[in-house]
Amino acid sequence: MKQDSTRNAAYTVDCEDYVHVIKFNPFDSGDACSLIAYGGNNYVVVGTCRFQTLRTFCHGISVDAIARSPETRLDALPPQIRQAALMIFDGHSDYINDLVFSPKEGQEVASVSDDHTCRVWDLEGNEKAHFVLRSPGMSVCWHPDEAFKLMVAEKNGTIRFYDLITQQAILSLECEQTPLMSADWCLKNTLKIGAVAGNDWLIWDITCSSYPQDKRPVHVDRARLFRWSRVNENLFATTGYPGKTTTQLLVHHLGHPQPILTGTAAVGSGLTWHRTLPLCAVGGDHKIFFWVTEM
């Protein structure tokens, strides 16, 4: 790795391809380091936070969403890597925007698509549940403390929670603005939901109201991604829309009126937080950029 002060990143790592999506392993993989995966135009690369490439999986198509299974282990013999970018699910009729493994056993995968559906699959690709949405599904989240609930965020500004036992919607939140591009369920506090819509970030406390408790304009070129830190319930990051000359990364703390960190990445896309450290990463043109915050 090398220092890269010109783009405000703590470190950069060179890649062989444009990085469309990037994801730290959200689960304990049985090793002191964390696994990280990124998807390019033709393949998925899996490596460790020592930044040694473990394996490259060739697809021949662009990879835009990755989900890691809790079954992934580095302390098993042989080591096991399972992620949904490498599995085939046949049923959606349009672009898949997000997918996630069930957080406990990793035996099911949920996905959302531009075809106005959220679907839940077993590992053989059999559809186990099907939810009809009112607009494209942009994000889907499965919380380890709420294993029988699924959070689905739609482009029209609605976020719904589904009971997977009854397969019914049980709660909805409203942005009151569009387009909603990304939403996330806080790992450290199940009552907190965050999203970006239009130029703003929005935060809900689901015990208080179905409307945002707080919101703030942050990206003049539209906001694209929202991700909670996995170690601090008041820390989160947002990015501007990819495809610009530079994509702005902002790290926010709910106790501060202004972003606590600002960074730019050339043609950035993807956003992920480390499982145990205040470290986030953004993909770019043949690079991955890393930022560290002390908050």
Side-chain angles (χ1 to χ4, degrees), residues 9 11-13 15-31 33-57 59 62-74 79-87 89 96-103 106 109-112 138-144 151 153 181-187 194 196 224-231 236-239 242 247 249 251 265 268-284 287-291:
Y11 303 99
T12 65
V13 173
C15 306
E16 295 183 0
D17 198 357
Y18 180 92
V19 179
H20 290 282
V21 61
I22 182 170
K23 195 157 193 175
F24 279 114
N25 182 19
F27 307 105
D28 179 5
S29 59
D31 192 82
C33 59
S34 285
L35 286 170
I36 189 169
Y38 68 87
N41 289 321
N42 297 294
Y43 52 76
V44 174
V45 175
V46 181
T48 70
C49 279
R50 296 189 183 99
F51 305 107
Q52 301 166 326
T53 299
L54 293 182
R55 190 170 178 184
T56 299
F57 302 89
H59 287 271
S62 174
V63 177
D64 294 290
I66 294 174
R68 185 71 55 74
S69 168
E71 290 185 304
T72 296
R73 306 293 302 178
L74 292 183
Q80 179 168 317
I81 297 173
R82 175 173 283 169
Q83 54 192 42
L86 313 179
M87 304 169 71
F89 300 101
I96 295 174
N97 293 309
D98 197 16
L99 69 166
V100 64
F101 272 93
S102 56
V109 177
S111 56
V112 289
M138 302 305 295
S139 296
V140 57
C141 298
W142 217 326
H143 201 287
M151 189 196 89
M181 298 303 297
S182 176
D184 198 17
W185 197 346
C186 183
L187 177 67
V196 287
R224 177 59 186 92
L225 292 172
F226 182 108
R227 295 288 184 269
W228 288 106
S229 163
R230 302 188 66 79
V231 298
F236 61 94
T238 61
T239 63
T247 293
L249 166 79
V251 177
S269 60
L271 172 62
T272 186
W273 283 93
H274 191 276
R275 184 177 61 86
T276 59
L277 301 174
L279 169 70
C280 62
V282 172
K287 289 184 181 294
I288 299 173
F289 304 92
F290 295 86
W291 284 267

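T238 approaches V196 most closely through the heavy-atom pair CG2-CG1, 3.7 Å. Contact detail for I22 and G270: the closest heavy-atom pair is CG2-C, 3.9 Å. Residue W273 comes nearest to P278 through the heavy atom pair CZ3-C, 3.9 Å, listed as atom of the first residue, atom of the second, then distance. When all heavy atoms are compared, the tightest approach of N42 to D17 is N-OD2, 3.4 Å. Scanning all heavy atoms of the two residues, the minimum distance from A183 to S139 falls at N-OG, 3.0 Å. The two residues F24 and H274 have their closest heavy-atom pair at CD1-N, 3.3 Å.
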Assess the residue pair W291 and V251 against the criterion (side-chain contact (heavy atoms from CB on, under 4.5 Å)); give the C-alpha distance rounded to whole Å, side-chain angles, the decisive distance to 0.1 Å, and a yes or no.
CA-CA 9 Å; W291 284 267; V251 177; 5.6 Å; no
Please lay out, stage by stage, how H20 and N41 fare under the test side-chain contact (heavy atoms from CB on, under 4.5 Å).
CA-CA 7 Å; H20 290 282; N41 289 321; 2.5 Å; yes
C15 vs V45, test: side-chain contact (heavy atoms from CB on, under 4.5 Å). Steps then yes/no.
CA-CA 9 Å; C15 306; V45 175; over 6 Å; no
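Side-chain contact check for Y18 versus S269: some heavy-atom pair is nearer than 4.5 Å.
A donor-acceptor pair is defined here as one N or O able to donate and one able to accept, closer than 3.5 Å; such a pair exists between the side chain of D98 and the backbone of V140.
Once rounded to the nearest 0.5 Å, the distance linking NE2 of H143 with CG of L187 reads 5.0 Å. Taking OG of S229 as the reference point, atom CZ of F236 lies at 11.0 Å (rounded to 0.5 Å). Remark: R227 CZ to C186 SG distance equals 13.5 Å, nearest 0.5 Å. Within the model, atoms OH of Y38 and OG1 of T272 stand 14.5 Å from one another, a figure rounded to the nearest 0.5 Å.
Considering only residues two or more places apart in sequence or on other chains, D184 meets the side-chain hydrogen bond (donor to acceptor under 3.5 Å, both in side chains) condition with none of them. By the side-chain hydrogen bond (donor to acceptor under 3.5 Å, both in side chains) test, R224 pairs with no residue at all, sequence neighbours left out. Residues passing the side-chain hydrogen bond (donor to acceptor under 3.5 Å, both in side chains) test with T239: none are found, sequence neighbours excluded.
The aromatic rings of F226 and W228 stand perpendicular to each other, their planes meeting at an angle above 60°, with 30° marking the opposite boundary.
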